[in-house]
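Right, one structure below, let's go through it.
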Amino acid sequence: MLTHSTTALAHPNIAFIKYWGNRDDRLRLPSNGSISMNLGGLFTRTRVTWAELRVTSNESQEQDSLVINNKPITGVGLSRVSTFLDEVRRMAGIKSRAEVVSENNFPSSAGIASSASAFAALALAACTAAGLELSQAELSRLARRGSGSACRSIPGGFVEWQAGTGDADSFAFSIAPPEHWPLADCIALVSAEHKPTGSTEGHALAATSPLQTARVADAPRRLDLCRRAILNRDFEALAEIAELDSNLMHAVMMTSNPPLFYWQPATLTIMQAVREWRASGLPVCYTIDAGPNVHVITEAAEAERVADLLANMPGVQKVLPAQVGGPVRCDSLHPPSRPLAKKGYNQR
Ligand code: DP6
């Protein structure tokens, strides 16, 4: 008996040790392990409703449907979700089509990768609605198939994705809960003139950089330093390794064929300012994903001060604050029978 409809909520995450490049693009088996922190306060909320299979000659009625932020999505966006749902259908032994309704509480113009929270919430909502009870590791493996970084949004707090030897052992697990270390991420939104190359295309280019082999070979050392910095709550050690890792990934991006330049002039200005602030005693460090925005990591007690400093930098449009977030979860405040609330959405 199918539960039919479930709503789930997941946070995006920011990686301190980055995932860039796959050993297997289809299964999203990464070239190296990664470590991240979930971003509490920012989330994707997704409702999945499995319909009874309708036998009809009208093909469009048999397709999954997808609405993101009240906008119907078709084409590549829908087929990526449908391919993912095919895996859930296979696991659950069902053939029903699904209706997926999803909303982010962070602006899509912010350029914050929403695929991590999107596929983490989709994995939990789709499985629960289909009556599948997966362990956290199984759910993380499944989310990985939708978007690599999504596997890290399944567990809570500080999370490690072990590269693994294959599909079965490439999943993420929590290395420390959110309350272990009250950090914050002040995301400095920088204007992007043109749309950057998406992560999926970028991963496929990683191996064309002569620097990728060295980056991957050194990853176990960086993972070890980062894990220890988190466990010891050693901000200076975290800052050193997170900035090095971000710089290494961008060096690979800039030297791939074709090269990918994600930074804007303001990105570099902020990076330099962050290093100066740290030299003068403020616990801050930067890390940058596949876009021009700068994630400025700090201790929660300093978040307001850091956000103010960033807001006054040239080129910063907005600062989005986030704290350490918990795991993916079913959203009991918004039971499946009720439509997604529009008011009060930003209140957690
Ligand atoms: C730079 O997980 O977005 O943010 O698997 O193709 O969806 P796909 O890629 P994605 O890649 C994330 C890349 C990154 C680094 C990171 O989050 O580790």
Side-chain angles (χ1 to χ4, degrees), residues 10-39 42 44 76-77 79-81 83-84 87 104 108 110-123 140-155 158-164 167 170-172 185 187 192 195-207 209 212 215-216 219 222-223 226 241-254 256 260-263 267 286-295 297 322 325:
H11 301 293
N13 63 72
I14 180 66
F16 299 139
I17 303 296
K18 310 282 189 189
Y19 150 51
W20 198 247
N22 286 315
R23 280 133 58 209
D24 181 319
D25 282 324
R26 192 183 63 85
L27 289 175
R28 290 186 155 86
L29 296 176
S31 303
N32 60 276
S34 50
I35 292 181
S36 59
M37 168 180 115
N38 281 358
L39 298 178
L42 309 182
T44 298
V76 192
S79 36
R80 183 167 175 183
V81 163
T83 305
F84 180 80
E87 189 55 25
N104 298 322
S108 38
I112 310 298
S114 57
S115 65
S117 48
F119 279 98
L122 181 65
S140 176
R141 280 173 56 204
L142 174 66
R144 190 199 75 227
R145 302 278 291 265
S147 174
S149 55
C151 78
R152 297 191 310 241
S153 282
I154 299 290
F158 299 87
V159 171
E160 178 163 358
W161 172 11
Q162 60 182 19
D167 170 55
S170 188
F171 57 83
D185 181 2
I187 309 162
K195 242 191 150 197
T197 308
S199 300
T200 305
E201 285 165 87
H203 289 298
L205 297 178
S209 164
Q212 172 72 344
R215 191 191 76 90
V216 170
R222 296 194 307 280
L223 286 163
C226 183
I241 202 64
E243 289 187 356
L244 170 67
D245 192 86
S246 174
N247 294 346
L248 279 170
M249 181 182 73
H250 284 271
V252 166
M253 290 163 159
M254 290 178 198
S256 68
L260 302 172
F261 296 97
Y262 286 106
W263 298 351
T267 311
Y286 66 77
T287 182
I288 300 148
D289 279 348
N293 301 324
V294 186
H295 291 254
I297 311 299

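Sequential numbering from 1 along the given sequence is applied to the chain's residues. In each ligand, atom 1 is the first atom listed, and ligand 1 is the first ligand listed.
- Against a heavy-atom cut-off of under 4.0 Å, S147 is close to the following atoms of ligand 1: 2 (O), 3 (O), 5 (O), 7 (O), 8 (P), 10 (P).
- For ligand 1 and A15, the ligand atoms under 4.0 Å from any heavy atom of the residue are 16 (C), 17 (O), 18 (O).
- The distance from ligand 1 to the heavy atoms of A290 drops below 4.0 Å at these ligand atoms: 1 (C).
- Using a 4.0 Å cutoff on heavy atoms, E201 does not count as a contact of ligand 1.
- Atom 11 (O) of ligand 1 has its closest protein heavy atom at H203 NE2, 2.9 Å.
- Taking atom 13 (C) of ligand 1 as the reference point, the nearest protein heavy-atom neighbour is Y19 O, 3.6 Å.
- Counting heavy atoms under 4.0 Å from ligand 1, residue S34 does not touch it at all.
- Formation of a donor-acceptor pair under 3.5 Å by the E243 side chain with backbone atoms of Y286 is found in this model.
- The option from A118, A150, G198, S149 that lies nearest to atom 2 (O) of ligand 1, judged by heavy atoms, is S149.
- N38 places a side-chain N or O within donor-acceptor distance of the main-chain N or O of P155, the cut-off being under 3.5 Å.
- We find the CD1-CG distance between I154 and L142 to be 8.0 Å, quoted to the nearest 0.5 Å.
- Regarding atom 6 (O) of ligand 1, its nearest protein heavy-atom neighbour is T200 OG1, 2.6 Å.
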Check: Run the side-chain contact (heavy atoms from CB on, under 4.5 Å) check on I35 and D245 step by step: do they pass?
Finding: CA-CA 11 Å; I35 292 181; D245 192 86; over 6 Å; no
Check: Would L27 and R144 count as a side-chain contact (heavy atoms from CB on, under 4.5 Å) if you check the C-alpha gap in whole Å, the side-chain angles of each, and the deciding distance to 0.1 Å?
Finding: CA-CA 8 Å; L27 289 175; R144 190 199 75 227; 4.1 Å; yes
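- Here atom 8 (P) of ligand 1 lies nearest to R28 when heavy atoms of M253, R28, R144 are compared.
- Checking each of F171, F16, Y19 against W161 for a ring-ring contact (aromatic ring centres under 6.0 Å, His included) leaves exactly one that passes, namely Y19.
- Of the options M249, R152, R145, H250, the smallest heavy-atom separation from atom 1 (C) of ligand 1 is shown by M249.
- Between W20 and Y262, the ring-plane angle classifies as perpendicular under the 30° and 60° cut-offs.
- Side-chain polar atoms of D185 and H295 form a donor-acceptor pair below 3.5 angstrom.
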